[in-house]
There are 2 protein chains.
Amino acid sequence: MSAQSDSNAETTPSEDEVLRRIEQAVLDHRLAPGTKLKEVQLANLFGVKRGLIRKVLTRLAHSSLVQQTPNRGATVASPSVKEGQDLFATRRVIESAVLETLIARVEEKDLEHLADMLKREQQAYLGDEPAQALALSVDFHRELARMAGNSVLETYLNDIIRRTPLVILAHLGDDADNRCRNHEHEVIVDAISRRDVKTAVEVMNQHLLQIESKIRHKPEKQNQGLAALLRPEANPDLT
Amino acid sequence: MSAQSDSNAETTPSEDEVLRRIEQAVLDHRLAPGTKLKEVQLANLFGVKRGLIRKVLTRLAHSSLVQQTPNRGATVASPSVKEGQDLFATRRVIESAVLETLIARVEEKDLEHLADMLKREQQAYLGDEPAQALALSVDFHRELARMAGNSVLETYLNDIIRRTPLVILAHLGDDADNRCRNHEHEVIVDAISRRDVKTAVEVMNQHLLQIESKIRHKPEKQNQGLAALLRPEANPDLT
DNA sequence: TGATTAATTATTGTTAACAATATTCGAGCT
DNA sequence: AGCTCGAATATTGTTAACAATAATTAATCA
């Protein structure tokens, strides 16, 4: 009955590994908001010591994916509608600033890189690989921030991006279409290549508002026990 | 020789207390950038267990005030000039967004509250209480964010404000005039009361650029041992 | 039954001892 | 001296046992 019983070795996962797996489980909403995350249970599940779980939970709490209450442990966070709105409002601010910064310094090879990303993203859509398409679509936003070259802006945007799926899921029963419209990304890149800040920002804000519009009512949908953590992830790559 | 030898009780400080005192020491640059922060030494200094110090250092690392390297401990952070510039650029973005948000929803009692804050700030300046004036001047910015009502923006601004003094100190040998010009705060409040976003943002950006202009060269100024932590703080309030 | 409280169990929080890793110091050498 | 290597020391990292707290159950009474 131990967690150690697979065909191949199955080395004990690192702290980052555990973090990633719990985070992914939350974002795939295999763990619903409000689910209690008990330390010993998680430790057994992953075959690691409780101390490590403890550190991971603290880190997750810091990125607002879990909520920690003194002496009462951790639960998957249930962001309020207000928090979701604040998050999106801030995202518009940050992404606008990213575009403005980027356009002021963008070079030819950056544009080529963006074009390349767009192409791969589109291929994933057309090739009917939604998981891959979603990942690439998120990467697009991250990449803009990276290219803009402001590390603080980049950190904040990454924080927001990390929190976004939970905010959407928490107010949407199911994960209806979290991904971006590829077309809008194209229009944004076009505006960037023309150094047209105004259009780029406008389209980006439209784009984000369109995503935000999915946040509506409350869920009251509860957990299903956290053995779901052991289920293979969306794309079961055990590389 | 123990740390427990004062006249009155001197209860063992809480985690937050220790955090606050180390942070304050960094910001008062009683601990210079680069200073090694050894766990046992700190634990003895504060009369707490090493585990608590460990948690505190991790928290400080998260707000970029200390740098942690695996197996090699923690040092007071030495932010680069680039990081300082990114921080200020982001701050302009955030504060502008705060003003825009705030002006869209500001009410009469908010304006009264701001007027009141301005008055107290001015009194501190005139009364020749620079420490108090600085604190109030920082509070002004925090308060604008709080009143704007976007918790994400508020969190980010607080993060930036927390990091700002170190960035300035690290590139300025000494802490020359970190505080804001009270006059500019007045102009900003005036613009807010007229719902004049454009002016408010312009003045704020000028205001921030003026502070940023103080960042210049590198320091290479090293620590003096961390017993400085035990020195009473700027304002020795032992309430 | 339903409410209240005590006893039991489960869970989180802390710590002291140990392990692993880095740093320092010095001997021996060229 | 300056260098290399290895032992000794110092420092950080982990863990198992314990303590403190919360949640659950059982017992009692109205």
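Small disclaimer: the values here were computed from a predicted structure and weren't measured. Chain identifiers are assigned alphabetically (A, B, ...) following the order of the sequence lines, protein sequences preceding nucleic acid strands; residue numbering begins at 1 within each chain.
Partners of B:H62 according to the ring pair (Phe, Tyr, Trp, His ring centres under 6.0 Å) rule, which considers only residues two or more places apart in sequence or in another chain, are A:H62. In this structure, the salt bridge (Lys or Arg N to Asp or Glu O under 4.0 Å) partners of A:E143, at least two apart in sequence or on a different chain, are A:R146. Annotation: salt bridge (Lys or Arg N to Asp or Glu O under 4.0 Å) contacts of A:R72 (sequence neighbours excluded): none.
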(message) Pair A:S151, B:D86 - check side-chain hydrogen bond (donor to acceptor under 3.5 Å, both in side chains), show working.
(response) CA-CA 6 Å; A:S151 60; B:D86 288 354; 3.3 Å; yes
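Bracketed by its first and final contacts, the part of DNA chain D lying under 4.0 Å from non-hydrogen atoms of chain A reaches from D:dT14 to D:dA23 in 5' to 3' order.
Toward the 5′ end of DNA chain D lies the nearest nucleotide of A:R50, the other residue of the pair A:R50 and A:N71 mapping further downstream. With DNA chain D read from its 5' end, the first of the two nearest nucleotides for A:L52 and A:R72 is the one closest to A:L52.
Between the axis at the start and the axis at the end of the helix from C:dT1-D:dA30 to C:dT30-D:dA1 there is an angle of 0°, using five pairs per end and rounding to 10 degrees.
Checking side-chain atoms of A:D28 against main-chain N and O of A:R30 turns up no donor-acceptor pair under 3.5 Å. Remark: side-chain polar atoms of A:R50 are not paired, donor with acceptor, to backbone N or O of A:Q41 under 3.5 angstrom.
Residues of residues 58-68 of chain A having a heavy atom closer than 4.0 Å to DNA chain D: none are found.
Under the 4.5 Å side-chain criterion, counting only non-hydrogen atoms from C-beta, B:E212 is in contact with B:R92.
Counting any heavy atom pair closer than 4.0 Å across all strands shown, A:G51 reaches no nucleic acid atom.
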